[in-house]
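What follows is a single structure, written as structure tokens, with notes after it.
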Amino acid sequence: MEKFGTARYQKMLNDIGELGVENLFGFLGKVQDTFGYVPREVIEDTARRTGLSPSRIYGALTSYRDFNLKLEGDG
Amino acid sequence: MKEVSLTIDGKNITAAEGTTILEAAKAAGIDIPHLCYDPRVKPAGTCRLCVVQIEGRAGLTISCNTTVAEGMRVLTENEEISAFRKTILELILSEHRVACTSCDKDGACALQDYAYRYQADEGRFGLAKRKPTKPNYATNSEAILYDPDKCILCGLCVNYCEEVQMAEALTFAGRLGQMEVGTAFGIDLHTSSCVLCGGCVEICPVGAMLDRAAIGKGRHKDLIRTRTTCGYCGVGCQLELLTNPTTNRIATVTSYLGCIPNNGNMCVKGKFGMQFVGSDKRLTTPLIKRNGKFEEATWSEATDYVAKKLSEIIAEHGPNSIAGLSSAKCTNEDNYVFQKFIRAAIGTNNVDHCARLCHASTVAGLARAFGSGAMTNSIDELTNAGCIFVIGSNTTEAHPVIGLNIKDAVVENGAELIVADPRAIDLVRFSKLHMAQKPGTDVALINAMMNVIISEKLLDSDFVKERTEDFDAMAEAVKDFTPEKAAEITTVPAEKIRQAARIYAKASASSIVYSMGITQHTTGTDNVLSLANLAMLTGNMGKKSAGVNPLRGQNNVQGACDLGALPNVYPGYQSVEDAEIKAKFEGAWGKELSPNKGITVVEMMHAVENDEIKALYIMGENPALSDPNLNRTRKSLETVEFLVVQDIFLSETAEYADVVLPSVCFAEKTGSFTNTERRVQRVRSAVAPPGQARSDWEIVCEVATKMGYPMSYDCTGKILDEIASVTPIYGGMSFERIDSVGLQWPCPDKSHPGTKYLHKGRFTRGKGKFHAVEFIPPAEPPDKKFPFVLSTGRLLYQFHTGTMTRKSSAINQVSPTGYVEIHPDDAKKLGIADGDNTEVMTRRGKVTTPAKVTGNIGRGWLFMPFHFREGPANMLTIDALDPLAKIPEYKVCAATIKKAPATS
Amino acid sequence: MKENKILTGRGGKYEPLDVKGYEADGGFAGLKGALAIGPESVIEEIKRSGLSGRGGAGFPTGAKWEMAAREKQEPKYFICNAEEGELGTFKDKVLLDGDPWLVLEGILIASYAIGAGQSYIYINGEYEETVKLWEKLVVEARKAKLPGDGISGSKSSVDLQVIKGKGLYITGEECALISSLETRRATGQLKPPYPTQRGLFGRPTVVNNVETIANIPVILSMGAEEYRKLGTAKEPGTRLFCLSGDVKKNGVYELETGSGTLRELIEEFGGGTKSGRGVKAVQPGGGTSAFLSGRSVDCKLSDEAIRQAGSGLGTAGVIVYEEGKSAVGIVKGLLDFYGRESCGRCAPCRIGVVRMKEIIERLFHGKGTTEDLEHLREIGKACVSVSTCGMGQAFPLPVLSALELFPEDFEAVIAQAPA
Ligand SMILES: Cc1cc2nc3c(=O)[nH]c(=O)nc-3n(C[C@H](O)[C@H](O)[C@H](O)COP(=O)(O)O)c2cc1C
Ligand code: SF4
Ligand code: SF4
Ligand code: SF4
Ligand code: SF4
Ligand code: FES
């Protein structure tokens, strides 16, 4: 597991090419697997890029057992 | 639409194809239990209570998501179904902390009703345990309370927020056991994308979401419901004021499904903006200023004094030395009585009202082009428009419920939305095309669109030939107005203008929606004429869902205009300069009337300076905050010899008055308002007035009578009857006829059904008239000293000068004070950070207000809301007027801005 | 009774990423055939084969494809469902790991037949190695020259996203799976509209199980007529039976439908029960299928026969329980799992599963009452009758059947309860 960093995140964005609703779920899964959680800024950023609302993405992720929105051990 | 026949519980029923079983049953008087159905949202299908048996189908089917079919036989209740319903209810109750004893919703709770109906036992599967109290997204909200212990997770609130309001503030969060309604990251509601429409509270079938200010103010079963028309904006939403008879206070506000025009929807002002009604700041007794201080007076003292002073001034300076400001906030009846008072009792046509400041150019422009100046279509017709062209209207903020129609048209029906607005307003999210024109360049933009339409032969030649005149003059004027030329003036790329023209011209039915962004210019009338040209050119007139639709600002600005609170026309837009018409009114009112038109709002203030106006009678208006160039206005209010102000609060204007007369607000009144779609709707009183406050019309009648012109009416219904007798477009109106859904004018007689859209087959003036409109730049362009363009406007949360909205705790939380919007690049250059205090300056004055740094606004441009007394934008605005309509240019003036020096 | 490995036969014969190896072993014959006859004929062929879904619901595959193909909306989507979350079910993994190119070939044919642009494979998150393998496989597939490349205008015909599941049983349910791919909460959805009408992103979508998809190339290369000769007339082909529970040997066995009985499967392939005692009960179709008692295990290995016996073939996850075990404990084990898996969308399932779990726990700990049994039946029946999706409709089935078949086990624990 890596520590979250914007550079790494940027690279992931570049790797996936164009981020849209069609590949968002897979992408967020990768973010989870890479950093151990999906940081708030990632939700906000991907919301902007895909046109979905942050509440929609946030609400969705909280329904999955294997998505964390906080780093394990953080409050 | 095709009809199908079916039987439900043995009853033969026909219903339109596509109707759900639940809806068809409901229409036939069969109530299938449901906890998660609402016609405004897609079926949630979460409660499963609405199951029915359909002959020939195995098992049970939910009726809220199953459409009727020919020959279908449905059973909505039998032993098995009832047993299942009881089980489901008992399951729900096992997770719902039943606390009807202290629950506001008691009496209006669907769960309670069904539990009773099926005799469901709340403890049979174990009593719900109280969840550990922890803060949720609404804990800090002044508007809403959310109680997870009572939430049945039906999903209606989330769906409403997403599908109807499209604010997407709410979501479900968490998994089984922890599932709750929340916001993204659980942030506080008032910092989310919530627009406080209250829809979530309204749609909640149980008491899990409540209006926080209403808690403890009365259980639903104890409250009295009064249906009335909202006193805020021109949409004219039908509301129900829920009052507690023991306290004479409005506890909360709701609406109801199926009502026109809002179908149960509301905005923040209607839902959360009613605290002002019961405010202890309300005026309760007449006040007379003696030695510079207000002293309480009796009604007879006060009206004697007013009548005496006015009579003296008439005797000395003649009737034209008096002017009256009527009110777009008051009822039709108040307005009629007021203008009659000014015209017949005083003897002058010097009567106007704030429509001058918002839509005078609409009235002037549309009258010239079509013959009458109002929305050509009905609000609900927007839903089926192929193209909606929104220009100079921040609809979702200024007319939020019409905003819902537009969003619905786009999202559900695929309408193509074009937005022309210098700011990236919320509607841009839904638009196909956004043209961010430079403020004050609308004529250039529209001329270029017409240029494209003509050169690409997208015009409706038949319509132009048969229904209009003066096409050639207009065509000549736009001939050289290419998109490229317009691009230079407007900064909108030529290709975008072309695209917009094509979309607009090619759609099945195109509807133009505009508001103050069009009208509040020195070229306001020109702007309106241009839009009229555009609509006629493409034949988008005189049919459903196609037309020119000015959205009127205040609740009854349409009615105030209709009823002659204008210096040039009697009620029904009948000219005061037409001898025949004058004679008719002289006959009706038994008094000789002035043959000359009167002066307008801003002219009145200027006339005080020249000593031409000695007395001003102001009913329910606040020019000391709403008029342009406030320093000048306030000076006039101060220096005028005699000032009477009739209001519900001691407003900024009332402070200057010699006599203040306490009047009642819409919640204490009876009468009617006319909304922006020309619909005359009832106003009904829900609470008793505070102290000695009286209806505006009653006060005016008393003054008139004391001045020797007796005026009296038994009730407001009688006033409307008199209105009908002298106003052809209102000829068929009566309280009886407008009782349930109102009536849209023109409605010439008692059998006329009212008019949904105007100019069908024939324009009011006969033929539609094209006008050649030249582009004229705004009066005060930016220069070296004042390099910014300042524009003013409205906010969703506030209304007019804030006297009403700012009494609401929910509103104050989200909109505590004014600000100036500035582009990040400009802010950076000037060293201004978001939230910094700034000084905004124009040639007329200086205002200190915090900066809101946002990319929604263009470079070189500033925007200020005008509602706030502590940062009064109108200190800055210019009082340059449109030559025809006399509307001031609130939307463009030159300004400069800098960081304010730090204060200790 | 003998296995007939038409799907699993190639397992391990080539290195998983070696497309050449697959081709050399007859791979891509189905795809080539499909391209030769065109989408409509492919669908016809699948319909003729009588293939039905292997994901649990048993819906005819050809008919499903045809519905989606007929829709006018574009684009369309194809999703291969490899969530495989059902208890007692682990057959898809065998195919995904053992013959991935076969599954990929099936996906390509399916996408071609229904006219899908993008396709997805949604793999159970616990199959970490499988996910990695498939990610590499897609890269390989894009590089390789496959039949069909270029026909859609793009260089590669492989437009497949590999999605790793996020730990929810419910994402195996097709509507929840679609919601998940839309970055929505993983919940069941109302039908209509059906996925074939308005599925992923509102477009026509076909969801098929891995095993279903593995059948596609096989059918196209051997021809529907030949295929129909396998198994029973009503349920042609083979099924991958997953044997688990109290048997000596767990495993996946590919058998033609109707080729033997449940008892034979348990004895011949599973080596009989662990303890050698008799079979008390069997769940023949995964953890949400109703129990068959030990007396009913002589029924044939077909959905039809198993239904007649009172259950269903479902995912063909055969879970065996030997005599001596209490039904209460068995049922508790099941609800320990399903009790956490309701998506929470609809009231009866969301609340019912938790209430039932509580009651069973109470019974298990000797604190239950006869009234509790009544409540179990009542809640269970309500869930089955009114729930939105297969989860709520099915999870009570084992409980209800246990109450029916083994009332004495429940009475025994109540008898202990203090009055
Ligand atoms: C709760 C639940 C879980 C399911 N899980 C799976 C699964 O893991 N894999 C699968 O293929 N189908 C699963 N299904 C069935 C799918 O909904 C769907 O019917 C199937 O994927 C369709 O493919 P088929 O027609 O090829 O069988 C599940 C259904 C339900 C109700
Ligand atoms: S929400 Fe309804 S059932 Fe619940 S406590 Fe309030 S009134 Fe009673
Ligand atoms: S008040 Fe309106 S916008 Fe705010 S959360 Fe409720 S429904 Fe959404
Ligand atoms: S708050 Fe009300 S509307 Fe929203 S989910 Fe809960 S019960 Fe339903
Ligand atoms: S039945 Fe259960 S799993 Fe299915 S949608 Fe309803 S709550 Fe969700
Ligand atoms: S009303 Fe139909 S499921 Fe709730």
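What you are looking at is a predicted structure, and each value in this text was computed from that prediction instead of being measured.
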Neighbour count above 12 (heavy atom, 6.0 Å) for A:E18 CD: no
Residue part contacting chain A, namely of B:F185, when any heavy atom lies under 4.5 Å: both
Interchain contact, B:I187 with chain A, by part (heavy-atom threshold 4.5 Å): side chain
Neighbour count above 12 (heavy atom, 6.0 Å) for A:K30 NZ: no
Contact residues of residues 56-65 of chain A (partner chain B; heavy-atom separation under 4.5 angstrom): A:Y58, A:G59, A:T62, A:S63, A:Y64, A:R65
Closest heavy-atom pair and its distance - B:A184, A:P54: CB-C, 3.7 Å
